[in-house]
Structure formats: structure tokens, C-alpha cells
Number of protein chains: 2
Amino acid sequence: MEVMEELGYKPNIIARTLANNKIQRIVALIPDPTGDLYWDQPKMGIEKALRAVQHYGIEVRIAYFDRFDPASFQQKAIQILEETSPLDAILFTPIFQQESRELLDACKEREIPNVMINTNIENSGSLCYIGQDSFQSGVLGARLLDFGLHDGETALILNLDKRITNAKHLQDKESGFRDYFSKVTNKHIHIVRKDFEEFGDRDKLRAFLQRQLAENPRLSGIFVTNSRAYKVAEALDDADLERIKIVGYDLIQPNLDLLKCNKINFIINQNPVQQGYLGIMNLFNHLIMKHEVAPLQYLPLDIVVVENVEYYLKRELEFQIVL
Amino acid sequence: MEVMEELGYKPNIIARTLANNKIQRIVALIPDPTGDLYWDQPKMGIEKALRAVQHYGIEVRIAYFDRFDPASFQQKAIQILEETSPLDAILFTPIFQQESRELLDACKEREIPNVMINTNIENSGSLCYIGQDSFQSGVLGARLLDFGLHDGETALILNLDKRITNAKHLQDKESGFRDYFSKVTNKHIHIVRKDFEEFGDRDKLRAFLQRQLAENPRLSGIFVTNSRAYKVAEALDDADLERIKIVGYDLIQPNLDLLKCNKINFIINQNPVQQGYLGIMNLFNHLIMKHEVAPLQYLPLDIVVVENVEYYLKRELEFQIVL
DNA sequence: ATTCATACTGTGTGCGTACACGGAAAAAAG
DNA sequence: CTTTTTTCCGTGTACGCACACAGTATGAAT
């Protein structure tokens with residue numbers, strides 16, 4: 001070892017990989033992207049990463065669960081643990097707290113390294129978390145909405161989701177949002193927070209929004225906490241839209257269309273493709289390269305407007321480094 | 001070949017690299033980062049990429065030229081071409097048109113693949129260009145400045161650089177900037193463009209800016225076309241700064257400090273680290289992987305404000321995928 | 001001192017590809 | 001038809017490392 005140090009010997013990863021001649025099996029457990037434009041993106045990132053590292057003997061299987069059904073997550077998790085052998089690593093999205101903790105415990109017991117993307121669980125014993133900082137994401141949302149708000153006006157934090165999902169996540173976003181405005185001294189903004197589950201029904205959403213407008217006559221900004229900002233813009237009248245600024249998340253097609261005609265003002269990009277990509281790459285770094293992996297990896301919160309949207313779309317599609 | 005296709009045979013890059021047992025020598029020619037905070041970043045990206053691909057037998061040497069002296073570029077270029085043998089590829093920043101064309105011609109004659117970063121030269125015969133879209137960058141700058149401007153006010157396009165550098169680049173930025181405001185219908189903004197070479201002398205810059213303020217009493221936005229926005233913010237009085245919005249480029253320390261205390265309003269990040277990184281990675285893809293390389297690769301124009309700056313800094317420092 | 005278990009060391013082979021080389025076959029020239 | 005040139009093909013070796021195995025040395029136990 002001393003002589004190695006002295007001569008500056010570094011093992012040749014290429015030769016090591018060739019000689020190793022083993023396959024490392026990774027299973028990814030993510031929400032079913034069917035009918036959900038957002039979850040298609042981490043999937044693309046995972047597939048892109050696979051192309052980059054498959055020569056190193058990495059094999060990835062993607063399993064899906066119903067994003068509204070904790071039982072389906074649980075069932076798939078058990079199936080993966082029991083039926084995959086050998087199982088060298090797991091990548092998953094812990095959007096259900098309870099069920100995810102069970103999976104984490106099972107991983108710890110079996111000593112299976114695991115990576116979480118998109119949603120974080122504290123003290124998980126995971127190899128790493130890759131995704132956004134929810135609190136800061138709320139702060140940024142507030143800042144962007146603030147551009148269009150005047151003194152005394154009202155901002156609405158709108159959560160279009162089923163109640164079971166991502167409670168902590170949402171709580172942090174709201175805290176960040178309120179934190180920003182509590183520090184703005186030159187104007188006072190009234191903040192309202194509402195949840196609405198029946199976002200699939202446009203008429204009901206429309207009625208709901210009209211009710212909010214009636215209750216808050218000076219409502220002029222809506223912060224939509226997930227990728228469904230387009231549903232809000234579609235459900236509002238054009239006259240109201242002129243006045244009301246909308247900030248939402250994620251570069252999915254309906255959002256992009258509305259961004260381009262100025263009905264959505266800002267989109268925050270949380271790099272979902274990158275999440276999937278880096279998730280696999282971090283496992284690769286751990287399994288093959290034996291590198292240390294940073295346990296908390298917050299991705300940038302990109303501010304997307306009409307003028308720079310094209311570049312983000314291109315990057316998501318083409319720009320991964322294919323090795 | 002038919003059977004290979006039928007069986008889905010793909011050569012194993014790992015084994016190929018091992019068997020090849022050759023070194024590919026790349027030389028990078030970039031501006032000397034000494035005393036220039038910006039050019040340190042592509043250098044970091046190049047070094048990061050080197051760490052990722054050195055096992056594949058890639059060797060990178062970085063050569064520097066004086067960013068204000070075309071002759072030094074020319075001299076270094078000749079030196080590289082004559083003294084490096086074998087020379088398998090060149091990466092460079094063509095900030096001097098004439099001298100860069102000479103280098104491009106020499107590369108074509110010797111059949112040396114080359115990559116340009118940061119500044120583009122059209123019809124260069126290069127493998128690829130990686131950097132920003134100058135025109136769109138100006139459009140985005142205008143959009144960001146527009147947030148703080150009112151009807152009838154004046155915006156200043158300020159070029160703090162020597163006259164010889166990057167003429168085309170700057171022209172495109174200005175065109176983009178003007179293009180945006182020509183399409184804004186609800187307010188009229190008066191646009192002035194000025195160059196100032198003696199930006200190193202704070203007192204002279206201060207006097208120059210005072211002159212601009214006197215000539216344009218309603219001046220309330222400055223678009224600094226390069227990374228020297230901090231020099232403007234430092235040279236202005238606090239009273240003026242309250243009113244005047246500043247949009248600049250690049251995440252260098254003095255800009256960051258002024259962004260954090262709201263003296264600079266927006267910074268556009270043109271991903272300089274990524275430019276160096278991808279420059280090398282694209283040569284790697286070409287030399288080792290024998291992949292097709294996209295000839296025009298525009299990097300995203302990130303909008304950076306106080307609320308999301310931390311993530312970009314982290315990404316620049318840690319986030320490259322180390323293989 | 002002998003036996004046995006354990007630790008250490010060196011050799012050989014394989015991972016999938018590149019490349020040099022010699023011999024055979026095919027094509028071109030005489 | 002023979003000779004020369006060119007093309008083609010198969011074999012062998014090498015790339016740097018992992019790992020199995022045999023052989024040797026070391027130490028503990030009898």
C-alpha cells in the first residue's frame with residue numbers, strides 16, 4: 001500500500017469492470033407515468049442513465065405503482081424485494097410516508113443500498129436523496145408571484161391533489177411561501193391556502209375558483225404547488241387571467257402552451273429528468289466506482305419564462321452525457 | 001454485419017478501450033484565468049471532465065492566451081499546432097474572429113477535430129459549438145429588466161470591454177435586447193447603448209455613469225453585457241441604485257455579493273463550467289465513443305435571483321457526473 | 001518434533017476487444 | 001498458365017485487473 005501511494009497507483013476502472021464480469025441489478029419504483037405527464041420525465045432520465053452505464057454491467061428494471069394508491073406501492077415494494085434476486089440496489093420515490101418507511105426498513109435489514117428521488121424522507125438511512133428543496137421552492141414561488149402583486153392584494157396557495165399525497169412536501173412549500181412574504185416589508189400581501197381534490201372535473205374546478213374570487217376580491221396571484229397550473233389557467237376566464245398571475249411547476253406540454261401565450265407567468269422547473277438520471281448515476285458511483293456519494297443533493301430550481309424555455313426543453317431531451 | 005444486426009451485437013466500449021491502449025491528446029486554448037473570475041469556470045469544467053474520462057486514455061493540456069491580445073492567441077495556436085504531437089483534438093474559445101479563422105483553417109488542413117466554446121463562429125467546420133445563444137440572451141436580459149421599468153423610462157445597454165473583443169457576440173445581444181422591447185406594446189422604453197473601455201478605473205467609470213445619468217434623467221435600467229455588472233453597482237451611489245435595476249451575467253463572487261444585497265437584480269448564468277465540461281465530453285464522444293455530435297449546443301440561460309442562487313453554485317462545484 | 005489449521009504468495013486464466021502477422025485465397029498482371 | 005499483387009481470414013498476443021487455485025510459509029496445538 002505504501003509503494004502504491006508512493007508511485008501514485010490508481011486502479012484502472014476500465015480493466016476492473018472488464019475483469020469483474022458481474023451484473024448489478026437495480027430496480028426503480030416510480031409512479032406509473034400513464035396519464036401523468038410529470039412522471040414520464042424521471043423515467044426518461046432513468047433510461048438515459050441506463051444507456052450511459054449499461055456497459056459497466058448495470059441492469060435496471062422499472063416498476064410502477066399507482067400514484068394515488070399507497071397499497072399499490074406497498075404491494076410492488078414487497079414483490080420487488082421477494083422476487084428480484086440478486087437485488088443490488090433500489091431507486092424509488094417515497095411519496096407515501098408510511099409505506100416508504102417500511103421499504104426503507106426492509107432495505108436496511110437486507111443491506112440493500114437505496115436512493116430516493118423527488119420527495120425526501122428525513123433520517124432514512126438512504127444512500128442519498130436527489131430532488132428539490134421544498135421550502136426554498138416555496139420561497140422562490142413567492143418571489144416570482146411577488147413581481148405581479150401590489151400592496152394589499154391576496155395570493156392563493158392552491159394544492160390540486162389528493163389529500164394522501166406528499167403532506168410534508170406541501171407543508172414545506174407553504175412555509176417557504178409564507179416565509180418570503182413575512183420578510184417583504186414594503187407591501188402587505190394576504191395569503192390564503194386551499195386544497196381541491198376534484199381537479200379532474202373542469203366545471204367543478206371552475207366553480208371552486210369563482211368561489212375563491214368572490215371570497216377574495218383582491219385575489220391576484222395563484223401559486224399552484226404542483227404541475228397542474230394549466231388546469232387553473234384553463235378554468236379561469238380570460239378577463240380574470242389578465243389580472244391574476246400564475247406560478248406553477250414543471251415543463252409539461254399544457255403548461256408550456258399556456259406559458260407561451262402569457263396565461264401562466266412563471267414555471268419552476270425541478271429537473272425531473274435529471275432526478276432520474278442522477279439517481280441511477282449515484283448508484284453507479286456507489287456500486288461500480290466505489291465513490292463517496294453526497295447524501296443530500298438538491299437540484300437547481302430553474303426559473304422558466306417564455307424567453308428561455310426552449311433551452312430547458314432541449315437539455316431535458318438531448319443533453320445528458322451519454323457515455 | 002447482418003448477423004451482428006440480427007443478434008443485436010453492440011461492441012463493448014470497456015473492452016475496446018482496454019484493448020486500444022492509446023492516448024488521445026487534447027489541447028484546450030482558453031483565456032488566462034489569472035485576474036479574471038469568469039474564465040476560471042470553463043477551466044474547472046475542463047478539469048472535471050478530464051477526471052471523468054482519463055481512464056479512457058484521454059489526456060488534456062490547457063494552454064492560455066491573453067484575452068485582450070489577439071497576437072497572443074495567434075502565437076499560442078501556432079505553438080500548439082507545431083509542438084504537440086500527436087495532436088488529436090483542440091478545444092478553444094474563438095473570441096478573436098480573424099485569428100480564430102486561421103486556427104480553424106489549420107485544423108481543417110490537418111484534419112484535427114475541434115470544439116468551440118463560449119463564442120460561436122458560423123460556418124466554422126467545427127465538430128460543435130457549445131455556449132449561449134447571444135441573441136436570445138439579449139432578449140432574456142430585456143425581459144428581466146422590463147420587470148422594473150415603467151412607461152417612458154430609459155434602459156442602457158452597457159458594454160464594459162475592450163473594443164476588439166467579441167464584436168459579433170455583443171451585436172447579437174443588443175439585437176435581442178432591442179427586439180424584445182420592440183414587441184412590448186404596453187409601454188415605450190427608450191434604449192441607449194454605450195461602450196466603456198476603462199472599467200478598471202473606478203473613478204473614471206463613476207464619472208462616466210454620472211454623465212449617463214445626466215444625459216438620461218429617466219435612466220432606470222442597465223443591462224451589463226458581460227460579467228462586470230458588479231463594477232457598475234459599485235460605482236453607483238446607493239440613492240441611484242434604489243431606482244436603477246441592473247441585469248448582468250455570470251455567477252462570480254462580486255456579482256453574487258451584490259445580488260444578495262439586492263443591488264444587482266438578476267444574473268443570467270451562461271453555465272461556463274458546463275461549457276468546458278461538455279466541450280471535453282463531446283470530444284470524448286467523438287474520439288472514443290464514435291458517436292454523432294450535435295453541431296450546435298445552446299446551453300440554458302439560467303435566471304438567477306437571491307432565492308435560487310445557492311443551487312446553481314452547488315451544481316457548478318459538485319454536480320458533474322464523475323465517472 | 002509432528003500435525004494441523006491458517007495465512008500468504010505466485011501463477012494462470014478469463015473478461016471483450018484491437019491489432020499484427022502469416023498463410024490462404026482471390027484478383028490482377030505478365 | 002504462371003507470377004505477382006491484393007484481399008481475406010484465422011490465430012495469437014496484449015490491454016489491466018479479478019479471482020481461483022496450488023504451493024509455500026507461518027503459527028498454534030498436540
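Note that these values count all heavy atoms, side chains included, but never hydrogens, waters or copies made by symmetry. A, B, ... follow the sequence lines: proteins, then strands. Residue 1 opens every chain.
Side-chain contact check for A:D250 and A:N269: no donor-acceptor pair (N or O, by modelled atom type) lies under 3.5 Å. Using modelled atom types, one finds a donor on one side chain and an acceptor on the other under 3.5 Å when comparing B:S137 with B:Y249.
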Derivation of the side-chain contact (heavy atoms from CB on, under 4.5 Å) call for B:W39 and B:R67 | CA-CA 10 Å; B:W39 289 106; B:R67 67 196 179 284; 4.0 Å; yes
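Checking D:dC17, D:dG16, C:dT17 against every side-chain atom of A:R16, the shortest atom distance belongs to D:dC17.
If you take NE2 of B:H55 and P of D:dC15, they are 18 Å apart, rounded to a whole angstrom. Rounded to an integer number of Å, the gap from B:L18 CG to C:dA18 P is 11 Å. Here the C1' atom of nucleotide C:dG16 and the CG atom of B:N12 are 6 Å apart, to the nearest Å. Whole-Å rounding puts the B:I23 CD1 to D:dC15 C1' distance at 15 Å. Atoms CD1 (A:I288) and P (C:dC15) sit 18 Å apart, rounded to a whole Å. In this structure, B:I14 atom CD1 and C:dG14 atom C1' are separated by 16 Å, rounded to whole Å. Protein atom CG of A:N21 is 12 Å distant from nucleotide atom P of C:dT17, rounded to whole Å.
Between A:K22 and C:dC15 there is no side-chain N or O to OP1 or OP2 distance below 4.0 Å.
Of the possible donor and acceptor atoms, one in the side chain of A:D36 sits under 3.5 Å from a partner among the backbone N and O of A:Y38.
Where A:N20 and A:A15 meet DNA chain D, the nucleotide closest to each residue was compared, and A:A15 sits on the side nearer the 5' end.
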